[in-house]
2 protein chains.
Amino acid sequence: MKKGHQVTMKEIAKKLGVSVSTISRALKDSPELHPETKRKIVEMAKEMNYQPNLLAQSLRISRTKTLGVIVPEITSHFFASCISGIQDQANVRGYNVMICQSNEHLELEIANIKTLVASQVDALLISLSRETNHYEHLFELYNREIPFVLFDRVQEDIPVSKVTFNDVGGAYQVTKHLLEVGCKRVMYISGPEDLYISKKRKEGYLKALAEFGVAEDPSLIKVTDLTSEGNIAVAEEILQMKERPDGVFCMIDPVAVEVLIHWKSQGIKIPQDIALAGFTNNPTSAVIEPPLTTVSQPGYEMGKLAVSHLLDQLDGIASDDPISIVLETTLIPRQSTQISK
Amino acid sequence: MKKGHQVTMKEIAKKLGVSVSTISRALKDSPELHPETKRKIVEMAKEMNYQPNLLAQSLRISRTKTLGVIVPEITSHFFASCISGIQDQANVRGYNVMICQSNEHLELEIANIKTLVASQVDALLISLSRETNHYEHLFELYNREIPFVLFDRVQEDIPVSKVTFNDVGGAYQVTKHLLEVGCKRVMYISGPEDLYISKKRKEGYLKALAEFGVAEDPSLIKVTDLTSEGNIAVAEEILQMKERPDGVFCMIDPVAVEVLIHWKSQGIKIPQDIALAGFTNNPTSAVIEPPLTTVSQPGYEMGKLAVSHLLDQLDGIASDDPISIVLETTLIPRQSTQISK
DNA sequence: CTGTTAGCGCCTTCAA
DNA sequence: TTGAAGGCGCTAACAG
């Protein structure tokens with residue numbers, strides 16, 4: 001199959017017996033042009049169904065008005081929300097968006113960056129993959145002076161703007177909530193320990209404990225690799241403990257969901273035996289039984305803000321100096337922590 | 001902020017004292033070239049960190065190796081899966097992807113098409129918005145000979161290839177299942193009646209009834225506008241019926257989920273009082289209480305297949321004659337229809 | 001084996 | 001008020 005022919009300025013020019021530059025001027029409503037000529041050209045363009053070739057335009061002005069986006073996973077509801085916010089805001093500002101997913105692989109992340117750069121996107125928005133443990137590709141972007149921002153999964157040492165959630169605050173809120181409903185032994189189930197959010201949420205967890213005068217207990221911090229098997233293994237491990245926790249805060253909702261299902265299958269009552277909370281506010285968490293207490297992160301807002309700031313920088317409205325934008329999270333208390341005493 | 005400069009062939013040429021065409025040839029590994037020259041050029045290109053400008057390349061060869069995708073909603077898990085499949089398969093075949101969402105609006109759908117066409121995508125994959133009730137924009141694409149395929153939300157009269165699920169079959173499966181577990185009065189909750197899937201799933205529903213010798217009963221077909229309010233209104237309506245159904249098949253999972261939640265809040269036991277089933281197999285449906293019987297649609301596979309076929313057509317491997325690819329669905333029986341007698 | 005030339009579609013001086 | 005010329009970065013036919 002071959003693509004049909006697109007009308008070009010040249011053809012309009014020939015048809016009307018004028019030069020291509022006149023067409024160009026007429027179509028961008030240049031004032032220095034006879035109104036009558038302009039009218040005729042605009043009319044003819046419409047009649048011939050002329051559509052400007054963005055490729056040629058971009059090549060000429062060396063700007064594509066396109067942003068590149070890299071996320072770990074499109075199928076994650078959270079990242080889908082971010083993308084949605086990015087797109088909407090980009091469109092508002094007259095930009096298009098090219099989206100790639102890294103599938104949580106460093107290698108793909110690097111390949112995606114390369115593709116997007118080759119496609120001459122004006123700037124990038126990146127959320128790092130779980131595998132990303134070195135950052136040369138990002139420093140290279142920086143050195144090549146290709147504007148970009150990091151969002152959600154960020155790396156602190158890269159000198160670009162970052163948009164994140166107040167992870168410490170969110171984890172603090174939820175831990176505090178567990179303590180307030182009466183939990184005495186609150187556990188934190190963390191993801192891989194080198195992940196940014198693992199660290200930040202642990203920080204919030206410890207902060208709440210400290211505030212309530214509860215001593216840190218290493219046996220009350222478990223680590224999962226975030227796979228289903230890993231999550232369920234941790235859930236089972238907890239059941240085997242001599243002294244079980246009476247409240248558990250999972251770093252992310254999917255872990256909490258799998259723990260909850262496993263425990264229910266073992267006859268554990270939630271929240272009576274163990275209260276359980278997550279973080280992210282996935283759609284699933286609201287409908288599971290019992291509904292899961294969690295912390296909501298406005299992904300759509302995050303996407304919008306990231307684009308706004310990035311374009312402000314591009315347009316010179318905002319300074320090029322990197323800033324850190326921190327979005328607040330909201331505790332969503334549900335039945336999984338509603339201990340009636 | 002201004003974007004940093006990108007190295008061009010011209011610069012490599014000047015540095016090495018050869019012509020630009022020689023550079024071009026070396027970089028695409030042309031055989032008619034002195035190996036030594038080639039070596040030097042490739043080396044220098046790497047040293048200068050040369051990256052080809054896809055824009056210029058595309059303009060020259062008038063092919064972008066980019067596909068445009070339009071979906072109603074990225075945040076829907078099903079469409080996210082499709083996108084994921086589209087991207088993966090496109091990458092395998094050396095294509096990039098630009099994604100747009102219509103947010104279920106016809107106007108945005110039209111605007112998206114325009115943008116993607118202006119960006120010179122080689123072809124499009126489109127899933128129609130709910131609002132789309134006329135099809136001039138698609139016929140225009142067709143007339144302009146821009147290759148495209150429709151997937152999931154299709155319109156039958158457009159002479160292009162379509163990828164769909166066997167909706168009739170899926171609805172038949174799930175209705176039959178309800179009848180087999182002992183339901184006597186099976187209801188179908190439909191979406192807006194002009195939607196393709198509303199019609200097709202009704203067809204499957206009726207087919208199963210007929211096969212079981214059950215007469216069609218108009219009072220056992222309800223229509224929702226698919227909003228939360230609409231869904232809950234229908235749920236409540238059913239409770240008010242003198243003769244309630246004992247089994248209900250909802251056109252899509254989200255409807256079933258909202259019905260289920262409303263009924264539970266009213267003290268209805270599922271499946272004992274009324275058995276309930278959906279269609280789509282959203283992640284939510286597996287964790288709700290009771291887990292929802294539904295029909296799974298492999299979105300990722302759909303995306304992959306749509307791209308494969310489209311690119312086969314583009315590459316002349318497949319005929320340009322439109323075909324219809326129909327994917328089979330799978331019944332996922334869960335507790336919401338597990339009536340123990 | 002390599003350079004010259006021409007042009008993809010568009011925009012923008014510079015002249016007229 | 002309009003046209004001619006040059007060039008964005010790259011490829012490809014045509015000469016040598």
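What you see is a predicted model, and the numbers here were worked out from it, not measured in a lab. Within every chain, numbering begins at 1; the chains are lettered A, B, ... in the order of the sequence lines, protein sequences first and strands thereafter.
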## Note on the structure
dist B:R153:CZ -> B:I70:CD1 (nearest 0.5 Å) comes out at 13.0 Å
### Task
Look at the aromatic rings of A:H137 and A:Y135 and report parallel, tilted or perpendicular, splitting at 30° and 60°.
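Answer is parallel, since the angle falls under 30°.
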For [X], answer base if it contacts any base atom (sugar-phosphate contacts may also be present), sugar-phosphate if it contacts only those atoms, and nothing otherwise; contact means non-hydrogen atoms under 4.0 Å.
X: B:Q57; answer: sugar-phosphate
X: B:S21; answer: base
X: B:S58; answer: nothing
X: A:L33; answer: sugar-phosphate
X: B:V18; answer: sugar-phosphate
X: B:T8; answer: sugar-phosphate

Which whole-number value in Å describes the distance from [X] [atom1] to [N] [atom2]?
X: A:I23; N: C:dC10; atom1: CD1; atom2: P; result: 10 Å
X: B:E11; N: D:dC10; atom1: CD; atom2: C1'; result: 14 Å
X: A:E32; N: C:dT12; atom1: CD; atom2: P; result: 11 Å
X: A:L59; N: C:dT12; atom1: CG; atom2: P; result: 13 Å
X: B:M9; N: D:dC8; atom1: CE; atom2: P; result: 14 Å
X: A:Y50; N: C:dG9; atom1: OH; atom2: C1'; result: 7 Å
X: B:L27; N: D:dC10; atom1: CG; atom2: C1'; result: 11 Å
X: A:D29; N: D:dT1; atom1: CG; atom2: P; result: 14 Å

### Query
Which sits closer to the 5' end of DNA chain C, A:L55 or B:P35, going by the nucleotide each is nearest to?
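In this pair, the answer is B:P35.
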### Query
Given that A:K10 and A:R25 both sit by DNA chain C, which one's nearest nucleotide is further toward the 5' end?
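Mapping each residue to its closest nucleotide by heavy atoms, the 5'-most match is A:K10.
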#### Entry: Presence of A:T22 side-chain N/O under 4.0 Å of D:dG3 phosphate oxygens OP1/OP2
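Looking at the OP1 and OP2 atoms of D:dG3, one of them is under 4.0 Å from a side-chain N or O of A:T22.
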### Summary
Side-chain atoms of A:K28 come closest, of C:dT12, C:dT2, D:dT2, to C:dT12
### Summary
Picking from C:dT4, C:dG9, D:dT2, the nucleotide nearest the side-chain atoms of B:S19 would be C:dT4
### Task
Kindly give the heavy-atom pair with the smallest separation between A:L150 and A:Q155, and that separation in Å.
CD1-N, 3.7 Å
#### Entry: N/O donor-acceptor pair under 3.5 Å between A:Q101 side chain and A:I74 backbone
yes
### Query
So B:Q89 and B:S308, side-chain hydrogen bond (donor to acceptor under 3.5 Å, both in side chains) or not? Walk me through it.
CA-CA 7 Å; B:Q89 188 61 21; B:S308 285; 3.2 Å; yes
